[in-house]
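Within every chain, numbering begins at 1; the chains are lettered A, B, ... in the order of the sequence lines, protein sequences first and strands thereafter.
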Amino acid sequence: GIQVEQSPPDLILQEGANSTLRCNFSDSVNNLQWFHQNPWGQLINLFYIPSGTKQNGRLSATTVATERYSLLYISSSQTTDSGVYFCAGTQGGSEKLVFGKGMKLTVNP
Amino acid sequence: DSGVTQTPKHLITATGQRVTLRCSPRSGDLSVYWYQQSLDQGLQFLIQYYNGEERAKGNILERFSAQQFPDLHSELNLSSLELGDSALYFCASRGETEDNEQFFGPGTRLTVL
């Protein structure tokens, strides 16, 4: 099955800073999604982005499917952005999401 | 709020016991997925149901079983519980549009003592 690698594994920022999170896939993926897991454990959908670029407020994401990677940009970070960010995708006709190990973001005031 | 509900939020039980986790998908969604998040294994797919039928199986133990009922809610049954079964269990659902985006419930945190 596909392998999902996220980088960096941990990131500490000051409030107001920008960051870029990267997700690499070992093979072609479909249905790529980005999630934010908040400190209470909830998985929040950020983007469904199999290809192209999307923006939602201070967050944006870009997926280059042909090169098997996706990027999540967080601008003007806030303390509420803290948590763990996951990317996940499916392969072929399978509907099971394969997740990366996550990237822990800490935003300090 | 994703529209997917899960009960209970927390469950504490002892080794050897059996528990049932419940999930209600978003209104109209026919597909339900179960995932387990543990410290050592990360987030892993367990099983998928579509309109009452099992569609795909992942890393689900034989001690675990699931079903989807005619009203489309799903239950995950965990039996002969072991300490290692302590984890966060998520349910997700997907709509019938072209997008295959999965929406996750708030999870059930299971602690086996």
Chain A contact via Q37(B) - side chain, backbone, both or neither, heavy atoms under 4.5 Å
side chain
Is it the side chain or the backbone of L43(B) that comes within 4.5 Å of chain A heavy atoms, both, or neither?
both
Are [X] and [Y] close enough that some pair of their side-chain heavy atoms sits under 4.5 Å apart?
| X | Y | value |
| --- | --- | --- |
| F35(A) | Q102(B) | no |
| Y33(B) | K96(A) | no |
| R94(B) | N31(A) | no |
| N100(B) | E95(A) | no |

Over all atoms of both residues, closest heavy-atom pair of R109(B) and G41(A):
NH2-CA, 4.4 Å
Joint hydrophobic cluster, [X] plus [Y], side-chain heavy atoms closer than 4.5 Å:
| X | Y | value |
| --- | --- | --- |
| L97(A) | L46(B) | no |
| L76(B) | L61(B) | yes |
| I49(A) | Y69(A) | no |
| F104(B) | Y85(A) | no |
| V107(A) | L21(A) | yes |

Working to the nearest 0.5 Å, report the span between [atom1] of [X] and [atom2] of [Y].
| X | Y | atom1 | atom2 | value |
| --- | --- | --- | --- | --- |
| N45(A) | F103(B) | CG | CZ | 5.5 Å |
| S2(B) | I44(A) | OG | CD1 | 7.5 Å |
| Q48(B) | S94(A) | CD | OG | 8.0 Å |
| L32(A) | E101(B) | CG | CD | 11.0 Å |

For E53(B), I'd like to know if atom CD has over 12 heavy atoms of other residues, nucleotides or ligands within 6.0 Å.
no
Evaluate the criterion side-chain contact (heavy atoms from CB on, under 4.5 Å) for residue pair L88(B) and Q37(A); output intermediate values, then yes/no.
CA-CA 12 Å; L88(B) 196 48; Q37(A) 188 167 37; 3.8 Å; yes
Before we go on, tell me: are the rings of F99(A) and F45(B) under 6.0 Å apart, centre to centre?
no
